[in-house]
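Worksheet: the structure to be examined is printed underneath.
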There are 2 protein chains.
Amino acid sequence: MDTTNPRRRRKQARPAELLAAALDTFRDKGFATTRMEDIAARAGVSKGTIYLYYPSKQAVFEALVRESILPNLARLEAIQAAASGSCADRLRLFVRSLAEATADARIFAIPKLVLTEAGNFPELARFYRQEVVARGLAMVAGLLEEGMRRGEFRQVDAGLAARLFIGPVMLAALWRSTFGAIEETPLPSGAMLDLHLDLFLRGIAAEAQP
Amino acid sequence: MDTTNPRRRRKQARPAELLAAALDTFRDKGFATTRMEDIAARAGVSKGTIYLYYPSKQAVFEALVRESILPNLARLEAIQAAASGSCADRLRLFVRSLAEATADARIFAIPKLVLTEAGNFPELARFYRQEVVARGLAMVAGLLEEGMRRGEFRQVDAGLAARLFIGPVMLAALWRSTFGAIEETPLPSGAMLDLHLDLFLRGIAAEAQP
DNA sequence: CGTTAATGACTGACCGGACAGTCAGTAAGT
DNA sequence: ACTTACTGACTGTCCGGTCAGTCATTAACG
């Protein structure tokens, strides 16, 4: 494939440019309300061009969701794989990475879109739950189980605890994306994270051995 | 007002019927995707009738959100006002009432709609945040502060802790409403609530006095 | 009573604008 | 000359909102 030719380079670059433009537009207006012309304009292209790369509006949306997963999830997994230390420390690291990712509106837009459109795109919802959510939860649950084996943590249901661990982080991101434009004083995310870690780790800590 | 006359009774009953139909339709398909005819059909009425009671689709949505608040929030506040016992016990009661309410798809549909449409209806979002979310958070924060004064709980930021307390409950409801139709084995809500209360109350409990 | 007029909740055909998707044409590159 | 990425005017459809008309009920009148 000739990648030095600017025209062919365009053709290679287009899909990513289009998805980036689609992401921004969907994020601002939601799926149903954005027009193909909006996406095209944002990508600096005419409406017809989109149809050279994606057969329909729905296809753009699905491609967007599918393409946006791997980079971020892989990054989280890489960070986690490289981590060492106590399970508590690795949980701290995980929640910080997750909070950082969800604080970026460009990243958090995807789960939010899946959330709002799951009813209209059940296949996509199923895909997302399996490929993203389940994997993320499994990472946390694995960490918790290791902590239990090591005696760092009490014995609890790891799957449930993983959800409880992630819940406040996701809710904070949702809060920002919902009320962020309205709110005068933003949530103190750092303080909230610290408190969450403090409460959770105390809550799950093994009883002190006498 | 003559309420015995069946024709006038209709006129009284219509708005509530229309809002109920609108709620179900919005819940299934989202705001942008539902057609006025869908709502009308569900209410057993023709499209024109809706416009005798509400001037626009947006007005239907706003009326729906505004009308649906007070009953449920008031119920929560009443339950809480009547409660006695330790702050921990009252937190348990609160979270159970909240979980029960959010488990009802007809009730949880409203916050979910606000969440997804906040961008398109900023005024409504502001209203909801002030009249519902802030009041709910204040209830929990007040309870936590009382617990701190009494020495039941450690000193922490009550506003943040209130969000952390509610986070998992809301996320569980969101999970159900997003993946509920897809999932084979539903979340064990009861067990999850118990674990959440267990972890949170341990996490916030005052250190045992020697 | 029986007849007629008035009321008003409700209907559904219709209008106009918006928008997803198409395709004949353009021009840049080789 | 030929390929090909791209354009944008055009089409068909869909849907929010309108409004002239229907019909059951009620009120007024003889």
Side-chain angles (χ1 to χ4, degrees), chain A residues 1-26 28-65 113 117 119-121 124, chain B residues 1-26 28-65 113 117 119-121 124:
Chain A
M1 177 77 73
D2 174 8
T3 53
T4 63
N5 177 311
R7 206 161 177 90
R8 290 194 189 276
R9 262 209 314 271
R10 275 343 256 155
K11 172 156 192 189
Q12 272 206 324
R14 278 287 178 245
E17 291 171 6
L18 292 173
L19 292 186
L23 172 61
D24 288 336
T25 320
F26 286 149
D28 290 349
K29 311 174 51 170
F31 175 80
T33 326
T34 82
R35 298 171 306 136
M36 292 301 264
E37 288 206 20
D38 296 336
I39 300 176
R42 208 165 206 146
V45 124
S46 84
K47 187 169 60 150
T49 301
I50 301 180
Y51 289 93
L52 298 177
Y53 297 94
Y54 300 100
S56 70
K57 186 181 175 184
Q58 171 162 348
V60 172
F61 180 54
E62 294 182 348
L64 173 62
V65 172
L113 279 168
E117 299 296 335
N120 303 112
F121 302 92
L124 198 65
Chain B
M1 175 77 73
D2 174 7
T3 55
T4 64
N5 178 313
R7 205 159 177 91
R8 290 194 189 278
R9 258 204 321 264
R10 267 352 249 151
K11 169 154 194 186
Q12 271 207 323
R14 277 287 178 245
E17 291 171 5
L18 292 174
L19 292 187
L23 173 61
D24 288 337
T25 319
F26 285 148
D28 290 350
K29 310 175 50 171
F31 175 80
T33 324
T34 82
R35 298 172 304 139
M36 292 301 263
E37 289 205 21
D38 296 337
I39 300 176
R42 207 165 206 145
V45 124
S46 84
K47 186 169 61 150
T49 302
I50 301 180
Y51 289 91
L52 299 178
Y53 297 93
Y54 301 100
S56 70
K57 187 181 174 184
Q58 171 161 348
V60 173
F61 180 54
E62 294 182 348
L64 174 62
V65 172
L113 279 168
E117 299 297 334
N120 303 111
F121 301 92
L124 198 66

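Looking at residues two or more places apart in sequence or on another chain, you find a side-chain contact (heavy atoms from CB on, under 4.5 Å) between Glu37(B) and Lys47(B).
A perpendicular orientation is assigned to the rings of Phe26(B) and Phe61(B), their planes being inclined by more than 60° (bins at 30° and 60°).
A donor-acceptor contact shorter than 3.5 Å is absent between the side chain of Asp28(B) and the backbone of Thr25(B).
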Sugar-phosphate or base contact per nucleotide [nucleotides 21-26 of chain C; S, B, -; heavy atom under 4.0 Å]: BB----
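Between Tyr53(A) and the phosphate of dC6(D), there is a side-chain N or O to OP1/OP2 separation shorter than 4.0 Å. Put simply, Ser46(B) has no side-chain N or O that comes within less than 4.0 Å of OP1 or OP2 on dG12(C).
Distance Ile50(A) CD1 to dG8(D) C1': 13 Å, rounded to the nearest Å. In this structure, Ile39(A) places its CD1 atom 12 Å from C1' of dC19(C), rounding to the nearest Å. Spacing between atom CZ of Arg35(A) and atom P of dT13(D) amounts to 21 Å, rounded to whole angstrom units. The distance between atom CG of Leu18(B) and atom P of dT11(C), rounded to the nearest whole Å, is 10 Å.
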Test side chain to side chain contact (heavy atoms under 4.5 Å, CB included) applied to Leu124(B) and Glu117(B), step by step: CA-CA 9 Å; Leu124(B) 198 66; Glu117(B) 299 297 334; over 6 Å; no
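For Thr49(A), counting side-chain heavy atoms from C-beta on, the closest listed nucleotide (dC15(D), dT7(D), dT11(C)) is dT7(D). Taking only side-chain atoms of Leu52(A), from C-beta outward, the nucleotide of dT7(D), dC19(C), dC15(D) with the closest atom is dT7(D).
At the heavy-atom level, Thr33(A) lies nowhere under 4.0 Å from the strands shown.
Side-chain atoms of Arg14(B) and Leu52(B), non-hydrogen and from C-beta on, never get closer than 4.5 Å to each other.
Rounded to the nearest 0.5 Å, atoms CD1 (Ile39(B)) and CD (Glu17(B)) are 14.0 Å apart.
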